[in-house]
**Student:** 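Can you read through this structure? Questions will come right after.
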Amino acid sequence: MVMVWTVEDRLAAGHGRITCSLNGVSVVFSELSSTYPLKLLSPRLAHNDVAIVYVMNYGGGLVCGDRIKLQVRAEGGSRLLLLSQGSTKVFKVRSPNRASAHLGNPTDGNPLENNATTQLMDVHVAPTSAVFLLPDPVTCFRSASYTQVQRFHLSKGASMVLLDWFTSGRKSLGEEWVFSRYFSVNEVNVDGRRIAKDIMLLEEPLHDDTVIGTRWPSSRRSLSDRLKPYSCYATLIVCGPLVHGVVAQLKDKLRSLSVLAMVAPPRVLWGMTPADDGNIFVIRVAGLETEDVKDWLRESLRPLEEVVGIDTYRKAFT
């Protein structure tokens, strides 16, 4: 049998598709495909009722102008973990005056938008299925510009965990909160109804009106002034029956917290907000160091061990 690929079937550069379902007691992929610079790998696991896909990129990071677009479908009661191997590194923006900066999308009008690194993800989760998006944090280098849009479309009875977190940069090289822009949109829909939308925009003030056409007030505070002393921030969104254990544990933690005057900032700050009558929860975390946030996430999400298995869960926070 010869398979004929149509134009619609072909993936554009940087695009990927994942479709999985539960066949008996094993998760099987009907599609797992990607094109440069996106790379998808799924290792064999001891327990076949859960699958892992590592979402990676070639060359150790995303360069300016990279466009990543990933479509994910979890069907038939399957459980899928989306992980990465190391932080997602975003390199600096090239000058919009360079000819190479216009080669990728010559018809686009805004050269600064042309240079932004972009990742788009659409995730569809069928009833009784689950997708747990647990990547390593994004690390933006000096002068980097990064845009990320992640949309989850759940059917009733589906479950999800969405982790979106980022660091201050390459602290070991003296780069701390010196990227140009970090823009992230996370949206959750259930049966076609939007129940949550979270938007994060961090933008370093620019004082060169020859670059963007307008001048920020000189009194505007820098990213470093606004975000220090913390060097890692995370947003965690959880929804569905398979995350009830996580929610219950976090509620217990929240009840045990005490409000005390502190001489120094705590190593980790966090809070939890319910939405849609308690059907979805948004958790925000800030830590002095990335490892502080990672340790907090590992412990707070530990009830997922009962959902995906202990060994599989450990791969998310190694």
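If you read the sequence from its start, that first residue is 1, and numbering goes on from there.
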**Student:** Can you list the residues that meet the ring-ring contact (aromatic ring centres under 6.0 Å, His included) rule with W296, with sequence neighbours excluded?
**Tutor:** W270
**Student:** Can a side-chain donor-acceptor contact be found between D164 and S184 if the only test is distance below 3.5 angstrom?
**Tutor:** yes
**Student:** D225 and S222: side-chain donor and acceptor closer than 3.5 Å?
**Tutor:** yes
**Student:** Using a 3.5 Å distance criterion without hydrogens, assess whether the side chain of K294 forms a donor-acceptor pair with backbone atoms of T318.
**Tutor:** yes
**Student:** Can you tell me which residue among L242, V27, T312, D49 is in a side-chain contact (heavy atoms from CB on, under 4.5 Å) with R79?
**Tutor:** L242
**Student:** Could you walk me through whether T139 and T167 pass side chain to side chain donor-acceptor pair (under 3.5 Å), step by step?
**Tutor:** CA-CA 5 Å; T139 296; T167 74; 3.0 Å; yes
**Student:** Looking at K253, I'd like to know if its NZ atom is crowded, meaning that more than 12 non-hydrogen atoms belonging to other residues, nucleotides or ligands lie closer than 6.0 Å.
**Tutor:** yes
**Student:** Can you tell me how far CG of L45 sits from NZ of K315, rounded to the nearest 0.5 angstrom?
**Tutor:** 6.5 Å
**Student:** Counting distance only, does the side-chain N/O of T35 pair as donor-acceptor with the main-chain N or O of A12 below 3.5 Å?
**Tutor:** yes
**Student:** Angle class for the F166/W177 ring planes (parallel below 30°, perpendicular above 60°, tilted otherwise)?
**Tutor:** perpendicular
**Student:** Looking only at heavy atoms, what is the nearest atom pair of R17 and L40, with distance?
**Tutor:** O-CD1, 4.1 Å
**Student:** Name the atoms and distances for all side-chain donor-acceptor pairs under 3.5 Å in residues 52-64, with sequence neighbours left out.
**Tutor:**
{"residue": "N57", "atom": "OD1", "partner": "G61", "partner atom": "N", "Å": "3.0"}

**Student:** Show the nearest heavy-atom pair for residues N186 and Q150, with the distance to one decimal.
**Tutor:** OD1-NE2, 2.7 Å
**Student:** State, to 0.1 Å, how close G76 and S129 come at their nearest heavy-atom pair, and which atoms those are.
**Tutor:** N-OG, 3.6 Å
**Student:** In terms of side-chain heavy atoms, does Y146 have a donor or acceptor partner in Q119 at a distance below 3.5 Å?
**Tutor:** yes
**Student:** With the threshold set at 4.0 Å, does a side-chain nitrogen-carboxylate oxygen contact exist between D122 and K69?
**Tutor:** no
